[in-house]
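Below, all heavy atoms of this structure are taken into account, side chains as well, without hydrogens, waters or symmetry copies. Just so it is clear, the model here is predicted, and its values are computed rather than measured.
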Amino acid sequence: QVQLVESGGGLVQPGESLTISCKASGFTFEYYMLAWFRQAPGKQREAISCSSVDGRTRYADSAKGHFTAVRDNTRNIVSLTMNSLQSEDTAVYFCATPERGAYCGQRWAAVTEYDYWGQGTQVTVSS
């Protein structure tokens, strides 16, 4: 079965960087797009990035220049490097993939486009 397992979250200080990862299994990773979302307490889940099978990545406007997603088809991993973290980046970070879909289209940022989700990894930014 499809499994997505996030890791690498933790407590960081403002201004620091952090890289989290999503390890995928149970499907042919290289054929599917992979997305990152986050959800802060009391807020809706919001999209961060979507990586197509060709390695091209789309970012939410708020993520451009701040987050970088990289997929490694040889290791079935998609990572998210977050720079200059601030308290407002505190959230649970999720990766997701659809039942079908190789390329991140116009609706890539919609939660409803994804069928499989990881359990999330907590990132807390605090001094």
Next on the checklist: In this structure, is the centre-to-centre distance between the rings of Y114 and F37 below 6.0 Å?
Outcome noted: yes
Item to check | Donor + acceptor pair across side chains of T121, S7 (<3.5 Å) | outcome: no
Checklist entry - Under 3.5 Å, is there a donor-acceptor pair between the T19 and T81 side chains? => result yes
Checklist entry - Do W36 and V2 share a hydrophobic cluster (ILVMFWY, side-chain heavy atoms under 4.5 Å, transitive)? => result yes
Next on the checklist: Looking at every non-hydrogen atom in both residues, tell me the closest pair between P14 and S127 and how far apart they are.
Outcome noted: CD-N, 3.7 Å
Item to check | Shared hydrophobic cluster, L80 / L18 (ILVMFWY, side-chain heavy atoms < 4.5 Å) | outcome: yes
Checklist entry - Would R38 count as a cation-pi partner of F94, with NZ or CZ less than 6.0 Å from the six-membered ring centre and within 45° of the ring normal? => result no
Next on the checklist: Would you say CD of Q44 has more than 12 non-hydrogen atoms from neighbouring residues, nucleotides or ligands within 6.0 angstrom?
Outcome noted: no
Checklist entry - What are the two closest heavy atoms between V125 and T90, and how far apart are they? => result N-OG1, 2.9 Å
Next on the checklist: How close do A47 and A60 get, counting heavy atoms only, and between which atoms?
Outcome noted: O-CB, 3.4 Å
Checklist entry - Taking all non-hydrogen atoms of both residues, which atom of R100 and which atom of Y32 are closest, and how far apart? => result CA-CE2, 4.0 Å
Next on the checklist: If hydrophobic clusters are built by linking Ile, Leu, Val, Met, Phe, Trp and Tyr wherever their side-chain heavy atoms come under 4.5 Å apart, do W117 and W108 end up in the same one?
Outcome noted: yes
Next on the checklist: Determine whether R107 and T112 satisfy the following criterion, side-chain hydrogen bond (donor to acceptor under 3.5 Å, both in side chains), listing intermediate values before the conclusion.
Outcome noted: CA-CA 9 Å; R107 288 183 49 78; T112 54; 3.3 Å; yes
Item to check | Y116 to L4 - nearest heavy-atom pair and separation | outcome: O-CD1, 3.5 Å
Checklist entry - V53 and M33: which non-hydrogen atoms are nearest, and at how many Å? => result CG1-N, 4.3 Å
Checklist entry - Just checking, R71 and F29: is the charged tip under 6.0 Å from the six-membered ring centre and within 45° of the axis? => result yes
